[in-house]
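Because the structure is predicted, anything quoted here is derived from the model rather than measured.
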Amino acid sequence: IWDPLTQRFHRVIALDFLGFGFSDKPRPHRYSIFEQASIVEALVAHLGLSHQRLNLISHDYGDTVALELLYRSDQNRTGHLIFNSLCLSNGGIFPETHHPRLLQTLLKDSSILATVLTRLTNFMIFQKGIGEVFGPYTQPTDAEFWDMWTSLRYNDGNLVLDSILQYINQRFQHRDRWVGVLTSTHAPLHMIYGPLDPVNPHPQFIRLYMHLVKRSTITILDDHISHYPQLEDPTGFLKAYFNFIHSF
């Protein structure tokens, strides 16, 4: 979705969070949503955008980082981002409807086993796990699987997976803070949702979202779109996003 976004907006910024992609992956380290939000704020300040109204698009882990940023903004904390809008996509923003994969659960809850699993996970295991959260007609190509695996392994990123996955526990601990701001904010909100997602299953997730987040608009994509709508249906994702941006 990058090229159409750059054509529509004056400036588009993406970052790898700490522990992800080509960013540093320190270990041992206590990875937290709060730290990631502070890193985003620092980046925005570094780029001279602290006083600009920003449109945020987030997905999965990024949804929770975005909600922490939104909380800081709505509470008028120093260094906050100024939200023009927030568009969320498939992410476990409600702990009660979030179903992490078995490997994720093992990694986040068992320190001894996690140490072994992070070293045993290979490309075949990774490919199978990622493939399960894509739709049957929208599977990544072999080259795309290898790109994902390469970015994970860069700087031994596989060895910090168990630490990063503590965000699942943090969502439980800080549910009132993050779900609370989602239900109370006056910033324009939109949700783009792939309904075949086994991690945030249909209809439980979207029903709860509609019930709690009444000010948000929603786009539910085709039935075969799963956890990665921006990759599985970029055209549908962009259409939904631009319709949202043009609505306010």
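Using bins of under 30°, 30° to 60° and over 60° for the plane-to-plane angle, the ring pair Y61/F20 lands in the tilted bin. The aromatic rings of F126 and W149 are tilted relative to each other, their planes meeting at an angle between 30° and 60°.
Put simply, the residue from F94, F34, Y71, F172 that forms a ring-ring contact (aromatic ring centres under 6.0 Å, His included) with W178 is F34. No option in N90, L196, T138 other than T138 meets the side chain to side chain contact (heavy atoms under 4.5 Å, CB included) test with I225.
No hydrogens or angles considered: a donor-acceptor pair under 3.5 Å links the side chains of T64 and R171.
Y154 and F123 fall into different hydrophobic clusters, where Ile, Leu, Val, Met, Phe, Trp and Tyr residues are linked whenever their side-chain heavy atoms come under 4.5 Å apart, directly or through other members. Under the 4.5 Å side-chain contact rule for hydrophobic residues, F244 and L70 do not share a cluster. In the hydrophobic clustering of this structure, V181 does not group with I82; members are Ile, Leu, Val, Met, Phe, Trp, Tyr whose side-chain heavy atoms approach within less than 4.5 Å, directly or through other members. Both L81 and I13 are part of a single hydrophobic cluster, where members link through side-chain heavy atoms under 4.5 Å apart. L69 and V12 fall into different hydrophobic clusters, where Ile, Leu, Val, Met, Phe, Trp and Tyr side chains are chained together by heavy-atom contacts under 4.5 Å.
When all heavy atoms are compared, the tightest approach of E232 to V133 is OE2-O, 4.0 Å. A pairwise comparison of heavy atoms in S226 and D197 identifies OG-CA, 3.5 Å as the closest pair.
Aromatic pair Y167/Y31: ring centres not closer than 6.0 Å. Taking the ring centroids of Y209 and Y193, they lie at or beyond the 6.0 Å cut-off.
Counting only distance, with no hydrogens or angles, the side chain of N122 and the backbone of M124 share a donor-acceptor pair below 3.5 Å. Between the D16 side chain and the F22 main chain, a donor and an acceptor come within less than 3.5 Å of each other. When atom types are taken as modelled, the side chain of T185 and the backbone of L182 share no donor-acceptor pair closer than 3.5 angstrom.
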Stepwise salt bridge (Lys or Arg N to Asp or Glu O under 4.0 Å) test for E35 and R30: CA-CA 9 Å; E35 180 183 40; R30 291 176 62 87; over 6 Å; no
Hey, mind stepping through D233 and H224 against side-chain contact (heavy atoms from CB on, under 4.5 Å) and telling me if it holds? CA-CA 10 Å; D233 184 11; H224 66 277; over 6 Å; no
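A 4.5 Å side-chain heavy-atom check between L49 and L43 finds every atom pair outside the cut-off. Between I192 and C87 there is a side-chain heavy-atom pair separated by less than 4.5 Å. Using a 4.5 Å heavy-atom cutoff, the side chains of E96 and Q204 are not in contact. Side chains of D156 and K25 form no contact here, defined as non-hydrogen atoms less than 4.5 Å apart.
Within 6.0 Å of NZ on K128 lie no more than 12 heavy atoms contributed by other residues, nucleotides or ligands. The environment of CZ in R207 is sparse: at most 12 heavy-atom neighbours from other residues, nucleotides or ligands sit within 6.0 Å. Taking a 6.0 Å sphere around CG of D223, one finds it holds 12 or fewer heavy atoms contributed by other residues, nucleotides or ligands. Remark: H211 NE2 is loosely packed, at most 12 non-hydrogen atoms of other residues, nucleotides or ligands lying under 6.0 Å away. In this structure, Y137 places its OH atom where only 12 or fewer heavy-atom neighbours from other residues, nucleotides or ligands lie under 6.0 Å away.
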